[in-house]
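Scroll down for the structure; my scribbles are underneath it.
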Amino acid sequence: ANPRQAGEHLGSVDLLFLDIEMPFESGYQWLDRLPLREVRALVVVTAHERHALPAIRREAVDFLLKPYDDVSFGLAVARALRRLRPPVLPV
């Protein structure tokens, strides 16, 4: 129903699409206070370019600026999936 309730149901997260403009607090505030053990791939979604630097500092794999198109969304998913793949060890 809202971001506060959503955070109560998360543990480790492989892929998180984080909208910055949320009820009660910013997406970054919400993310920073979560008791998550791990977010392996973060994609920040926002209508404001000013949120790019905080996304980089949180090691986001992509930054979707609203309104985004299907191509941009697909590229963000592909980039996230590359991060989620286990590394290939040399033989």
Side-chain angles (χ1 to χ4, degrees):
N2 66 58
R4 289 180 181 161
Q5 289 177 340
E8 296 170 4
H9 301 286
L10 297 176
S12 292
V13 175
D14 288 330
L15 174 56
L16 178 64
F17 284 82
L18 181 67
D19 197 334
I20 301 306
E21 302 291 326
M22 298 193 313
F24 305 113
E25 60 191 345
S26 81
Y28 292 131
Q29 290 169 325
W30 179 82
L31 180 65
D32 291 344
R33 70 170 183 76
L34 283 181
L36 290 174
R37 292 185 300 274
E38 180 178 30
V39 175
R40 294 181 57 210
L42 171 66
V43 176
V44 171
V45 182
T46 184
H48 306 285
E49 292 177 349
R50 69 179 180 267
H51 297 299
L53 185 56
I56 291 167
R57 289 190 174 144
R58 287 168 177 82
E59 300 183 35
V61 297
D62 212 331
F63 184 85
L64 290 175
L65 191 60
K66 294 177 186 178
Y68 55 88
D69 56 23
D70 291 343
V71 172
S72 298
F73 180 79
L75 290 170
V77 170
R79 185 172 286 124
L81 290 175
R82 283 194 300 273
R83 179 169 292 179
L84 295 173
R85 280 192 208 119
V88 177
L89 300 175
V91 189

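- Two residues are said to be in side-chain contact when any heavy atoms from C-beta on lie closer than 4.5 Å; L31 and L16 meet this criterion.
- Using a 4.5 Å heavy-atom cutoff, the side chains of E59 and L42 are not in contact.
- Here the side chain of R58 pairs a donor or acceptor atom with the backbone of P54 at under 3.5 angstrom.
- Here the side chain of Y68 pairs no donor or acceptor atom with the backbone of V45 at under 3.5 angstrom.
- In this structure, D19 and K66 have side chains that are in contact, with non-hydrogen atoms separated by less than 4.5 Å.
- Across all their heavy atoms, H51 and Y28 have their closest contact at O-OH, 2.6 Å.
- In terms of heavy-atom proximity, A80 sits nearest to L15 at CB-CD1, 3.6 Å.
- A continuous path of hydrophobic side-chain contacts links V43 to V77 [ILVMFWY only; heavy atoms under 4.5 Å].
- Smallest separation of non-hydrogen atoms from E25 and W30: OE2-CD1, 3.4 Å.
- Residue-environment remark: CG (D70) stays at or below the threshold of 12 foreign heavy atoms within 6.0 Å.
- Summarising the geometry of L65 relative to H48, their closest heavy-atom pair is CD1-N, 3.7 Å, with the distance given to 0.1 Å.
- Closest approach of L84 and R40 over heavy atoms only: O-NH2, 2.7 Å.
- L64 and V13 fall into different hydrophobic clusters, where Ile, Leu, Val, Met, Phe, Trp and Tyr side chains are chained together by heavy-atom contacts under 4.5 Å.
- Closest approach of A55 to V44, counting heavy atoms only: CB-CG2, 3.6 Å.
- Side chains of M22 and Q29 form no contact here, defined as non-hydrogen atoms less than 4.5 Å apart.
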